[in-house]
Engineer: 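My structure is below; once you've seen it, I'll send some questions.
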Amino acid sequence: MTMSNSWAVTVLTLFPDMFPGPLGHSLLGKAMSNGLWSLDVRDIRDHGLGKHRTVDDTPAGGGPGMVMRADVAAAAIDAVPRNDRPLIYLSPRGAPLTQARVRDLAAGPGAILLCGRFEGLDQRVIEARAIEEVSLGDFVLAGGEIAAMALVEAAVRLIPGVLGDHASTSEESFSSGLLEYPHYTRPQDFEGRPVPAVLNNGNHKEIAKFRTQQSESLTRARRPDLWAAYEKPPKP
Ligand code: SAH
C-alpha cells in the first residue's frame, strides 16, 4: 500500500513533541510503520506573529486567560493540504464523539485535527473555515492534544489490518448499540467466583444467547440512554 491511499491525519498543535506519544506504541505504532496510516504533526507556532511567534491574545470583552488568534489559526489551517479530509477542532462545546462518527472517520481519507489551548479559539476562524467541533465528553481538558489522540486511536484501530484478524470490532461496545458482555478467562475459580458454567459447555448458541442477555441487562442498568435508542431506534 502506498502512503497516498493510507489513512492520513494532520494534527495542528502548540505541543508537537507530545506526538506520536501513545499512538506510536503497540498495534497502532506497528500499523504506522507498515504504512496503514500516517501522522503529520505541525506546530501552530510556526505561524505565530513577530519575533516572539505570538499565537494568542487577551479575550475581547475582558475575562481570564488567553485566546488563540483567528489569523494565526487560519494560517496554520491554510498551510495543510486538505485532500478531502474533515477539519475538526477538539472542543468541549463540540458534538460528543461516538463510535458511529469514529467509524465514518475511519472509512474516509483521514482528518485534520486542531488542538486548542488556553481559553480556546477565536470564534471567527471556526466560522470562516467551517470547522466542525468534536468533544471527547462533558469535561474540560487543558488542551486538545489528548482528545485528538483519543479520536485518532479510536479511528485507526478500525482500519482493516491494524488489529489482528482475531479481533472483532463488530461485537464490541456500541457497535450494536449495546455495551459489550463481560469477559472471563482462566483460572476457572477466582477467589470462589467460577467462570459462568454456560461458557464452558461448548454450546455456541447458548453462549451467544447468554452474552446477548448480559449485554442487554448491562446496558439497561448503566446506560438508559443507549437502551432507549436500542429498544426504539430513531426513525431515519
Ligand atoms: N474555555 C473552554 C475550555 C478550554 S480548554 C470552554 O469552557 O469551553 C482548552 C482546550 O482544550 C480547548 O480549546 C480544546 O481544544 C481542548 N479541550 C478541552 N476539553 C475538551 C473536550 N472535552 N473535548 C475536546 N477537547 C477539549
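Atoms within a ligand are numbered from 1 in the order they appear, just like the ligands themselves. No hydrogens, no waters, no symmetry mates; every other heavy atom, side chains included, goes into these values. From a predicted model like this one, the values you see are computed outputs, not experimental measurements.
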Engineer: What pairs meet the salt bridge (charged side-chain N to carboxylate O under 4.0 Å, His left out) rule with one or both residues in residues 127-137, with sequence neighbours excluded?
Structural biologist: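 Salt bridge (charged side-chain N to carboxylate O under 4.0 Å, His left out) check on residues 127-137 returns D78-R129, R93-E133, R101-E132.
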Engineer: If you look at each N/O of ligand 1, which protein N/O atoms lie under 3.5 Å away, and at what distance?
Structural biologist:
{"unit_1": "ligand 1", "atom_1": "1 (N)", "unit_2": "E119", "atom_2": "O", "d": "2.9"}
{"unit_1": "ligand 1", "atom_1": "1 (N)", "unit_2": "E119", "atom_2": "OE1", "d": "3.4"}
{"unit_1": "ligand 1", "atom_1": "11 (O)", "unit_2": "G143", "atom_2": "N", "d": "3.3"}
{"unit_1": "ligand 1", "atom_1": "13 (O)", "unit_2": "Y89", "atom_2": "OH", "d": "2.7"}
{"unit_1": "ligand 1", "atom_1": "15 (O)", "unit_2": "L90", "atom_2": "O", "d": "2.5"}
{"unit_1": "ligand 1", "atom_1": "15 (O)", "unit_2": "G116", "atom_2": "N", "d": "3.0"}
{"unit_1": "ligand 1", "atom_1": "19 (N)", "unit_2": "L141", "atom_2": "N", "d": "2.9"}
{"unit_1": "ligand 1", "atom_1": "22 (N)", "unit_2": "G137", "atom_2": "O", "d": "3.1"}
{"unit_1": "ligand 1", "atom_1": "22 (N)", "unit_2": "F139", "atom_2": "O", "d": "2.8"}
{"unit_1": "ligand 1", "atom_1": "23 (N)", "unit_2": "L136", "atom_2": "N", "d": "3.0"}
{"unit_1": "ligand 1", "atom_1": "25 (N)", "unit_2": "S91", "atom_2": "N", "d": "3.3"}

Engineer: Measure from the side-chain N and O atoms of N34 to the backbone N and O of L36, and report whether any donor-acceptor pair falls under 3.5 Å.
Structural biologist: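 No; zero donor-acceptor contacts below 3.5 Å.
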Engineer: Provide the closest heavy-atom pair for G110 versus P86 in the form atom of the first, atom of the second, distance.
Structural biologist: O-CD, 3.3 Å
Engineer: Which residues satisfy the side chain to side chain contact (heavy atoms under 4.5 Å, CB included) test with P81, sequence neighbours excluded?
Structural biologist: R42, N83
Engineer: With a 3.5 Å cut-off and sequence neighbours excluded, list the donor-acceptor pairs that the side chains of residues 186-199 form with protein atoms.
Structural biologist:
{"unit_1": "Q188", "atom_1": "OE1", "unit_2": "N200", "atom_2": "ND2", "d": "3.2"}
{"unit_1": "Q188", "atom_1": "NE2", "unit_2": "N200", "atom_2": "OD1", "d": "3.1"}
{"unit_1": "D189", "atom_1": "OD1", "unit_2": "G192", "atom_2": "N", "d": "3.0"}

Engineer: Is it true that I207 and Y181 fall in one hydrophobic cluster, defined by side-chain heavy atoms closer than 4.5 Å?
Structural biologist: no
